[in-house]
Each structure stands twice: as C-alpha cells, then as structure tokens.
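Let me begin by presenting the structure, written as structure tokens, before commenting on it.
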Amino acid sequence: MKIIIADYLYIDGKFVENLAIAFDSRIQAVDLPEKLLETYPEATLVRAKPYTVLYPGFINTHVHLEFSANITSLKYGSFMPWLDSVIEHRDDLLQECDNTMMQKECDQMLRSGITTFGAISSFGTELEVCEQAAQRVVFFNELIGSNAQYADMLYNDFLERVKASQGCEPDSRIIPAVAVHSPYSVHPVILQRAVTLAKQHKMPLSAHFLESAAEREWLEKGSGEFKAFFKKFFNTSTPVTTIEEFLNAFDTYPTHFVHCVQANDKELAHIKEKGHTIAHCPRSNRYLGVGRLAVEKLHALDIPYTIATDGLSSNDSLSIFDEFRATLMLHHKAPLQEFALKLIKSVTSDAAEALQLECGSLKVGNYADFALVTLPELPRRTEEIALWTILHTREVDSVYIEGEMYV
Ligand code: BEZ
Ligand code: FE2
C-alpha cells in the first residue's frame, strides 16, 4: 500500500486541499492524510512537491501511432489535398514508422500525463508497441472499405486484427475495441457487422464522422471534391451511404464520434439522444482546414466530449498540453476559466465514461492512474488552477499507472 499526499487533489471538477490517497493498483481510500496514516501504518508515504496538483491520469481518446513518421510529407491546409497526400505517401510513411519511433511518441504522451490512449489501428502494426507501452491502450481495430466486392475480405482481415488484440496478456493493459473509419469509406453491410460485434463483446466503438465540408457534400449530393477522389482511386461515382443511414447504424450502442465539425443541429441532437460522445481534435481540424467544432453547441446540448490529439498525420505533437493550449486559442470566445476546467474534465472523467474505463476520477475502486502537475509557484486563486495547469505545464512531474510510478 502507498499513500500519496499533494497540495491539491482534482475531485469532481474542484481542487481540494488537505486530502490524500491510499492505493495499491487501485485507489483504496481518499481521506485526510492523518486518517490514512492511522488506517495504513505500514504504507509507503509519497509526499508530492509543493504546489503540486494530483490529477487522475489523462486519457487521449484518439491517436494514430502508425502515422508517426509524418513531419512534412502530408499536405496541410485543406482536407482533400491532405487525403490525396495520405494516399500518395501512405506506404512510405508506414515503412518509415518503426517500433522505436512509435515508442518515442508513447513516451511523449506519458510525460504529458497521458496514462490511457485510444490507438486507431489500420493494420495492427502498432500492437506490439502498445502491448509494451506503459499506458493502458484502447486498441481500436479499424474497419475500412466502401467497395462491396472487397468488403468480405476486408472484414475478415479486420476480424483477425480484433482477435489478435483480444489475445494480449492482461498485464499489457490492451483493451480490444472497434473503429469504423468513416461514412464515406465503409460499406453499410460491414458497418452493421462491426457495430454488432462491438455490442456483443461490449467493446468501445468509435468512428470518424463529418470531419470536412467535402465529406458532407459527397454524402448528401454525391458531388464535390470527393467525386474526383473516388473516381481516381476507386473508380466509383456514388456514395455508399447517407449521413442519416450511417448515424442510425449506431443507435443501439453508444459510440465515440471523432470530429463532427460539420454536423448540423439535428445530427448533434441525435448524438445526444443516443448517448454518444465526441472526440474533438482542435489542432488536427485547424491544420486540415475543416473548420471549428462549435463547442458552444455541445455545451448547450450537454454532449460529453473529449480533447484528443489525433495522429502526427495531422498534428505536430502528441502532448495533451500542447493540444489544450491550442484549444483555448481556437475557441477564443469561450469563457477562459470555465473552459479550462472543462478541458481537464474532458480528458479525465468524460473520456473514461466515453471509453468505459475504470479510471479518470480519483474515486475508490478506480485504477491508481495519476498525473502530478507541479505549478511554478503557490496558486493565488484556487479557481484558476485548471488554467495555470494548462498554461504552465510542458511535462508533468510524475505519472502513476495502476499504482506504479513511470515518470
Ligand atoms: C474506401 O475504401 O472507400 C476508402 C479508403 C481510404 C480512404 C477513402 C476511402
Ligand atoms: Fe483520426
């Protein structure tokens, strides 16, 4: 048993003083330090540095490790030229991306306090790295393929990857999961099979959804920039599904929809009604020129969302703090203190609920996953701690996963 004492504990969206946590691999008690010392006299005592805030470990719900080799290969600024550049450079980027490179990115996430991440896997090539990573990994096996002719083959390949992720050792902390690529790239027949599979095995389920205006135009009218793309690469001329049909396919199982920048009010209301959640990737959206997710609408509808980094295919780092700072700038009209608090909540309790995880809040029974942030001076006003955490942290002071210290 260990007992950790920090100046502040982040509990239920507040920064509480004079509390400590007793833990082994899970949190056993949250109470006054003297009470815990009395109950667990044999426990090892960890006293965090002055001005340290103890947060639950952060959760990055959406990242693509396989594309970690991208620095200048992919074209930023607008969605379709970017997607063209992905097709053009995909093989080279995948080849250049070895385990060492992906491991380095997992380490960067760890130093920014990320103790769980959702890895979208197109080919399964990062499974080994994810098994060896310190973090808990929700391993999202991705299904892609709009052409009915190849659908069975692609679905079987996807099933093999799902099985491989289900066969990992428990100490690898791999959680098998399902990702549907997008409405434009997945045939409705295999989409339905994937949703049913996720539901049967109670696996977390995710899908990119309405990322760009081009996607919306293609799905609604069969026209726009996607028309030339599908003609060129797939020799097809009509979309395989509609926005409504795609969204309805998820009605019976809560899903983590990624982006939703171009979702309209009706679609957002539907997302809320069915208990779905959203992953918001602000830097990715900005770099691919897809527009700004109207977070104020998500706030008004009370739709839970997470802040996520996406992959280095559309970002410059996998640090959650870099992402937070960009988020504050992108949504410049959001009330600053309130929004900073909301961002912390988005990567802790909201992210844990979205991915069905037993972590994300400092409560008894949860995994003892912690990110300790040391502020540069004594915080003058407790209500501003979330903002100062975001503005002043490049790397966290230490990280615990299931009670073991990794940073
Ligand atoms: C497809 O299979 O339709 C597809 C694959 C990758 C990107 C876009 C579409
Ligand atoms: Fe993505």
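The chain is numbered in sequence order, starting from 1. Both ligands and their constituent atoms are indexed starting at 1 by order of listing. Model, not experiment: these values are computed from the prediction.
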Partner of Arg283 by side-chain hydrogen bond (donor to acceptor under 3.5 Å, both in side chains), out of Thr309, Asn315, Asp310, Thr327: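 Answer after filtering Thr309, Asn315, Asp310, Thr327: Asn315.
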Partner of Ile120 under side-chain contact (heavy atoms from CB on, under 4.5 Å), chosen from His64, His181, Glu66: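 The single option meeting the side-chain contact (heavy atoms from CB on, under 4.5 Å) with Ile120 is His64.
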N, O or S atom of His64 closer to the Fe ion (ligand 2) than 2.8 Å: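 Of the N, O and S atoms in His64, at least one lies under 2.8 Å from the Fe ion (ligand 2), which means yes.
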Presence of N, O or S from His62 under 2.8 Å of the Fe ion (ligand 2):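 Yes - counting backbone and side chain alike, His62 has an N, O or S atom under 2.8 Å.
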Phe230/Trp218 aromatic ring centres below 6.0 Å: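 When the ring centroids of Phe230 and Trp218 are compared, they turn out to be within the sub-6.0 Å range.
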Please report which non-hydrogen protein atom sits nearest to [atom], along with the residue it belongs to and the distance in Å to one decimal place.
atom                   : result
atom 9 (C) of ligand 1 : Ser185 CB, 3.5 Å
atom 7 (C) of ligand 1 : Phe229 CZ, 4.1 Å
atom 4 (C) of ligand 1 : Phe234 CZ, 3.2 Å

Axial cation check for Phe123 ring with Arg161, 6.0 Å and 45° limits: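 Not satisfied by the 6.0 Å and 45° rule.
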Arg193 NZ/CZ over Tyr155 ring centroid, <6.0 Å and within 45° of normal: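 The answer is yes; both the distance and angle limits are met.
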Gln135/Arg173 under side-chain contact (heavy atoms from CB on, under 4.5 Å): CA gap, chis, key distance, verdict: CA-CA 7 Å; Gln135 288 102 332; Arg173 303 185 185 118; over 6 Å; no
Contact (N/O only, under 3.5 Å) between Ser146 and ligand 1: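 The answer is yes, given that Ser146 and ligand 1 share an N or O pair closer than 3.5 Å.
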Output the list of atoms in ligand 1 that are nearer than 4.0 Å to some heavy atom of [X], sorted by atom number.
X      : result
Ile144 : 5 (C), 6 (C)
Tyr184 : 8 (C)
Gly145 : 2 (O)

Under 3.5 Å: donor-acceptor pair, side chain of Arg136, backbone of Phe117: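 No, because the side chain of Arg136 does not come within donor-acceptor range (under 3.5 Å) of the backbone of Phe117.
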The Fe ion (ligand 2) - name of the N/O/S atom of Asp310 that sits closest to it: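 Checking each N, O and S atom of Asp310, the shortest distance to the Fe ion (ligand 2) belongs to OD1.
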Closest heavy-atom pair and its distance - Ile144, Leu154: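 Smallest heavy-atom distance, with atoms named: O-CD1, 3.5 Å.
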Contact check, Phe233 vs ligand 1, heavy-atom distance below 4.0 Å: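 No; Phe233 lies far enough from ligand 1 that no heavy-atom distance drops under 4.0 Å.
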